[in-house]
2 protein chains.
Amino acid sequence: MKVTIMDVANHANVSKATVSRVINHNPKVANEIRKRVLQSIKELGYRPNAFARNLANNSSNVIGLILPDITNPYFPVIARGIEDAAHQEGFSLFISNTDNSPDIEQEYIQKMAGQQVGGIILISSILDEEKVNELCELKIPFVLCDRFLADTPFDTVSIDHYTASYEAVLHLIGNGHRKICHLSGPSLVQSAEMRRQAYSDAIQEHNLEPCIRVGEFSYESGYQLMTSILKESTPTAVFAANDLMALGAMNAIQEQNLKIPQDISVIGCDDILFAQMSTPKLSTISVPAYQIGVKAVGMLVERIKGKKSAAENLLLEHEFIQRES
Amino acid sequence: MKVTIMDVANHANVSKATVSRVINHNPKVANEIRKRVLQSIKELGYRPNAFARNLANNSSNVIGLILPDITNPYFPVIARGIEDAAHQEGFSLFISNTDNSPDIEQEYIQKMAGQQVGGIILISSILDEEKVNELCELKIPFVLCDRFLADTPFDTVSIDHYTASYEAVLHLIGNGHRKICHLSGPSLVQSAEMRRQAYSDAIQEHNLEPCIRVGEFSYESGYQLMTSILKESTPTAVFAANDLMALGAMNAIQEQNLKIPQDISVIGCDDILFAQMSTPKLSTISVPAYQIGVKAVGMLVERIKGKKSAAENLLLEHEFIQRES
DNA sequence: CTTTTTGGTGAAACCGGTTACAAAGATTAA
DNA sequence: TTAATCTTTGTAACCGGTTTCACCAAAAAG
């Protein structure tokens with residue numbers, strides 16, 4: 001049988017109120033009694049029931065994390081940052097994968113809301129106006145991470161995808177490349193959209209020929225898109241929307257016995273662990289994923305505690321990392 | 001203000017009991033009234049309070065996952081399997097990283113137990129007798145995943161690390177290798193221990209010279225161990241305790257301008273995503289990580305529902321995957 | 001030596017649900 | 001027509017905590 005606060009109270013010969021006070025470090029409990037209660041708690045192996053507690057003070061110490069796919073190497077780093085920060089703040093972490101499906105995303109948000117999470121960190125696939133309104137109606141704190149609409153009423157943390165990508169493409173152009181392709185992510189994903197836009201703008205401003213292929217944020221997709229490109233022509237550089245695609249593209253390029261970077265340069269984005277393990281090592285845009293997670297929790301907790309009013313839009317620093325590709 | 005069951009009851013002109021019945025799909029509610037209640041729920045945007053619910057029926061629909069590090073590419077796959085299966089079964093998922101620290105592990109187990117999780121899936125770093133006893137006293141269902149002591153009172157899911165590793169080493173020996181090194185994981189981690197043992201046994205049985213280096217389950221560690229080995233001598237094959245180490249070792253080997261597999265063969269373990277992306281592609285032991293996760297949830301849920309008595313020890317099939325290394 | 005203040009404690013209400021039980025109305029059997 | 005039964009609904013107790021408030025004893029003040 002479970003031991004309840006009542007058992008402790010009886011065992012220590014006090015009322016449940018007193019036990020509760022001891023648990024919550026309420027200072028106005030006589031030292032002697034406090035000791036007795038603590039002793040009883042030990043002896044009985046009492047653990048307060050979190051449900052009852054949360055119910056009584058109408059608060060929750062869990063936050064939810066909804067992301068596309070923990071299996072994609074970019075996200076575990078964010079997740080880790082979130083988890084570490086959350087535990088630091090005394091929160092537990094729910095986690096859910098959406099596979100970029102708006103329906104699943106919706107379902108999980110509802111589910112978490114129903115589970116009384118204190119707030120949700122959302123790395124959303126697709127957030128349109130309508131969706132945002134729905135979220136507002138849930139009356140739950142949200143922090144949007146990594147990707148989102150320009151004008152949301154929520155707190156956000158991310159990097160400046162546009163500028164980062166723009167710089168990367170500029171870097172290629174500066175190195176004399178004139179035929180630069182872009183492997184883009186799913187057309188509805190905001191971050192993919194911004195990278196694509198940055199690429200287009202940079203290309204246009206230099207009067208170059210754009211070449212965009214849209215696929216998934218995966219290794220296979222990168223491989224396939226690149227293979228299909230190589231069937232038609234041979235660019236001198238590729239800018240991929242993320243490292244996984246870049247790695248896939250590299251594989252496709254090498255299969256055609258082309259040399260990287262001599263024949264084709266490749267730039268990725270995210271700087272996942274494996275960017276530095278590939279041969280040649282992948283040049284990429286480094287994203288402070290762990291920090292994004294940490295900051296997201298910081299903002300969310302502030303909002304949960306009601307310390308914030310206006311929505312904050314935080315952009316962290318990115319960095320172009322020149323490696324061997 | 002939050003909408004409670006009472007608000008709904010008033011709005012629909014019934015008692016809270018009836019509303020509760022409607023929510024729980026209790027069949028004995030008149031159709032007309034059911035409709036009215038459902039209507040009110042919609043209109044008021046009512047969401048039942050999970051804390052109150054769990055408190056009332058003294059049950060929890062969340063399970064906890066404690067693992068070493070979600071950032072290690074092997075674990076997200078297990079985690080994904082767990083998450084998918086958990087949601088399928090109507091459970092939510094808590095997640096925590098221990099970094100292989102027994103203390104942190106202990107802390108998180110306590111925390112989850114205090115959060116009233118229905119059960120815990122533990123991918124534990126170190127589980128000795130004493131620790132196991134502590135877990136037993138928590139009176140919470142546990143499923144041990146991937147690594148554990150031989151004789152635990154808990155359900156377990158894993159592969160046969162020993163046999164898998166033994167076969168891999170045998171494979172190398174069969175290919176004529178006589179100088180085979182082993183890069184091992186942390187000395188206290190059970191799975192590392194079993195792989196090491198399998199290596200030792202296979203080597204001894206063929207009267208070969210063992211060569212074991214102990215490190216971390218990381219890329220850097222693999223790199224360093226291999227570098228130090230190469231300073232002393234040049235083996236013809238390396239069996240690494242996981243793919244990350246194998247990849248690190250490959251990097252070290254290639255830096256010395258040695259060819260894989262011509263000069264040195266490398267075998268890893270886990271078959272992480274990047275095993276197939278490296279050049280050359282890494283030969284490895286494929287572990288059904290996703291399935292491990294799924295099975296773990298299955299067993300845990302059965303136990304939570306009290307459908308099991310004896311502890312079950314499940315071993316899933318592994319497979320040696322011959323690639324290019 | 002009263003009177004007021006202070007500090008510590010317990011009784012009871014409350015958080016938002018679930019559920020055993022009683023009761024009322026409708027239906028069926030006698 | 002009346003008794004027996006079955007449905008459907010409401011009342012109230014309960015889950016395990018937190019917290020307000022009243023109360024009492026001891027200390028401080030008058």
Would you tell me if any nitrogen or oxygen in the side chain of Thr18(A) comes within less than 4.0 Å of OP1 or OP2 on dG10(C)? yes
Is the shortest distance from a Lys or Arg side-chain nitrogen in Arg80(B) or Asp99(A) to a carboxylate oxygen in the other one below 4.0 Å? yes
Can you confirm whether the side chains of Asn57(B) and Ser59(B) place a donor and an acceptor under 3.5 Å from each other? yes
Of the candidates dT18(D), dT9(C), dT9(D), the side chain of Ile33(B) sits closest to dT9(D)
5'-most by nearest nucleotide on DNA chain D - Ser20(A) or Val29(B): Val29(B)
Please give, in whole Å, the distance from dT11(D) P to Ile5(B) CD1? 14 Å
Would you kindly give the CZ-to-P distance between Arg21(B) and dT19(C), to the nearest whole Å? 10 Å
Looking at Gly81(A), is its backbone amide N or carbonyl O close enough to the side chain of Asp84(A) to form a donor-acceptor pair, meaning the two atoms are under 3.5 Å apart? no
Using heavy-atom distances to pick each residue's nearest nucleotide on DNA chain C, tell me which of Ala17(A) and Lys28(A) is more 5'. Lys28(A)
The nucleotide from dC15(D), dG17(D), dG10(C) with an atom nearest the side chain of Ser15(A) is dG10(C)
Between atom CZ in Phe51(B) and atom C1' in dC14(C), what is the gap in whole Å? 17 Å
When the distance from CG of Asp7(A) to C1' of dG17(D) is rounded to whole Å, what number comes out? 13 Å
Ranking dT18(D), dC15(D), dT18(C) by distance to the side chain of Leu55(B), first place goes to dC15(D)
Over how many whole Å does the gap from Met6(B) atom CE to dG17(C) atom C1' extend? 11 Å
Indicate, with a heavy-atom threshold strictly under 4.0 Å, whether Asn54(B) touches base, sugar-phosphate, or nothing. nothing
dG16(C) base / Lys2(B) side chain donor-acceptor hit below 3.5 Å: no
Proximal nucleotide (of dT9(C), dT18(D), dA13(D)) relative to the Ile23(A) side chain: dT18(D)
With nearest nucleotide decided by heavy atoms, which residue, Ala56(B) or Asn13(B), maps closer to the 5′ end of DNA chain D? Asn13(B)
Nucleotide dT20(D), atom P - distance to CG of Asn57(A) in whole Å: 11 Å
From NZ of Lys35(B) over to P of dT9(D), roughly how many Å is that when rounded to an integer? 14 Å
Between dT19(C) atom P and His25(B) atom NE2, what is the distance in whole Å? 14 Å
Is Val14(B) touching bases, backbone alone, or none of the nucleic acid, heavy atoms closer than 4.0 Å? sugar-phosphate
Looking only at side-chain atoms of Arg53(A), point me to the closest of dG17(D), dG17(C), dT9(D). dG17(D)
Nearest 0.5 Å, what's the CD1-CG distance between Ile123(B) and Asp69(B)? 11.0 Å
Should the ring pair Phe94(A) and Phe94(B) be called parallel, tilted or perpendicular, given that the plane angle runs from 0 to 90° and is split at 30 and 60? parallel
